[in-house]
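One-based numbering, in listed order, for ligands and for the atoms of each.
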Amino acid sequence: MSEKTLQGKRIVLCVTGSIAAYKAVSLLRTLIGEGAEVSVVMTSSATQFVAPLTFEVLSGRPVLQRLFADSQPLPHLRATEEADLILVAPATANCLAKCALGLADDLLSTLFVAARCPIVMAPAMDGEMWDHPALAAHTRTLRERGIVVLEPEEGPLASGLLGKGRLPAEHVMMEAVRSRLALRRDWSGQRVLVSAGPTREPIDAVRFITNASSGKMGYAMAEAAAQRGAEVLLVSGPTALPSPPNVTRIPVLTAEEMYQELDSRFAWATVLVMTAAVGDFRPRYPSSAKAKKHEWAGEPLELERTPDILQSLSRKRTHQVLVGFAAESEDLLANGRIKLHQKNLDLLVMNRITGPQSAFGNETNEVILLPRHGTPVEVERLPKRLLADRILDTVQEHSGISAFSRSREPNEGIRRIQ
Ligand code: C5P
């Protein structure tokens, strides 16, 4: 049996007054099942949805509800002193607003202001509330302070309407808890070269060929590696994303520029994570002026292949670990295996690019991890930042680099494929 992933961790589970409060009951059982010691805090509106007794029986501890309870003076101070992590699930619009503003007018909000441990919040509310600009501002503020605010899920809401406001799936909350608790410097000493985003191949001075990559996955990889202690260089095609903290960004436009920048830094790197959606073709004769439309006589645009960066660099590898990404619409495994060997990779991350949940532009992604040695593993849909940690874990597991230490059993949300 695999080791319990939250053994001995002290978690404060805060439940606020959303209809999704009933899902916190199952979440509590899962946390306990993973070995966590959980204390539950409820707001008074949460108790309208679920009786405190339910949480009390399952957690084996009294539910904390009031700031000035006779039996436990100043319960917020004891609870925060002892906690390894605070998980707010579900977090209502009111709760997010109070926490962003630093109000402290009940037990939960006071505990929040007093807390010095990591905090994960899992919002649940009506879609229109989530879309309100005030909520967006509060969420931004909380995230800027290092609090993990998960994105709610899309789907049917309690109002009967469809929208984005459902409590994130339990495996997503669990992954966020594990990832935040495991925040460790286990990549320190590593030098990670990440490529991200699309490339832009000019047709003339103003027109170009590009693709739909948003760069989110590559930026998430860079952020995760930097947070885990690596030195990170991010060679990025044009995106609208801010640079992740402690990451040096090198902006590029074309596949050729990306190749030059990566090639000149390849010897420095210990790991290359090639997340970029490099354009495969470029116009053979780009014009430096803007072509006039009335001068175009209908001749076809002649294209040529761009360099395959990963393949070229893999031929020059000395010690580097190589991670590639592949976007496939069919025969994922068979095509992936060919690519893994063609490009001589240690790990290939395979995305699905078809359907409404395609990897392109989405906040979440569902992938198959195909290591060079070992069994392919299907990872359930996760926010890209959490998936990035999972990919780094898999690189550690399979790379054989001794500086890496394995510190987490991958289990939840993972299915091994035969
Ligand atoms: O062959 P395919 O384009 O599907 O391979 C995808 C992987 O190869 C990605 O990691 C991508 O960043 C990389 N690639 C590259 N140079 C190209 C095209 C793709 O390095 N010209």
Using atom types as modelled, flag every donor-acceptor pair under 3.5 Å from a side chain in residues 91-103 to any protein atom, sequence neighbours excluded.
from : atom 1 : to   : atom 2 : distance (Å)
T92  : OG1    : C95  : N      : 3.1
K98  : NZ     : D105 : OD1    : 2.9
K98  : NZ     : D106 : OD2    : 3.2

Provide the full list of salt bridge (Lys or Arg N to Asp or Glu O under 4.0 Å) pairs with a residue in residues 116-145, sequence neighbours left out, each pair given once.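 Those involving residues 116-145 are R143-E151.
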
Of all pairs that satisfy salt bridge (Lys or Arg N to Asp or Glu O under 4.0 Å), the ones with a partner from residues 292-308, not counting sequence neighbours: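 Residue pairs passing salt bridge (Lys or Arg N to Asp or Glu O under 4.0 Å), neighbours aside: R282-E304, R284-E302, R284-E304, D308-K343.
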
Regarding T30 and E170, do their side chains bring together a donor and an acceptor under 3.5 Å, going by distance alone?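 Present: a donor and an acceptor within the cut-off.
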
Testing the 3.5 Å rule here: is there a donor-acceptor pair between the side chains of T306 and Y259?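 Not at all, the side chains of T306 and Y259 share no donor-acceptor pair under 3.5 Å.
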
Contact table, ligand 1 N/O with protein N/O, distance under 3.5 Å:
from     : atom 1 : to   : atom 2 : distance (Å)
ligand 1 : 1 (O)  : K343 : NZ     : 3.1
ligand 1 : 4 (O)  : K339 : NZ     : 2.5
ligand 1 : 5 (O)  : K343 : NZ     : 3.0
ligand 1 : 8 (O)  : K343 : NZ     : 2.9
ligand 1 : 10 (O) : M274 : O      : 2.7
ligand 1 : 10 (O) : F325 : N      : 2.9
ligand 1 : 10 (O) : F325 : O      : 3.1
ligand 1 : 12 (O) : M274 : O      : 3.2
ligand 1 : 12 (O) : A276 : O      : 2.7
ligand 1 : 16 (N) : I309 : N      : 3.0
ligand 1 : 20 (O) : I309 : N      : 3.4
ligand 1 : 20 (O) : L310 : N      : 2.8
ligand 1 : 21 (N) : P307 : O      : 2.8

Test: D84 and R10 ion pair at under 4.0 Å: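 Here D84 pairs with R10 in a salt bridge, since their nearest N and O are under 4.0 Å apart.
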
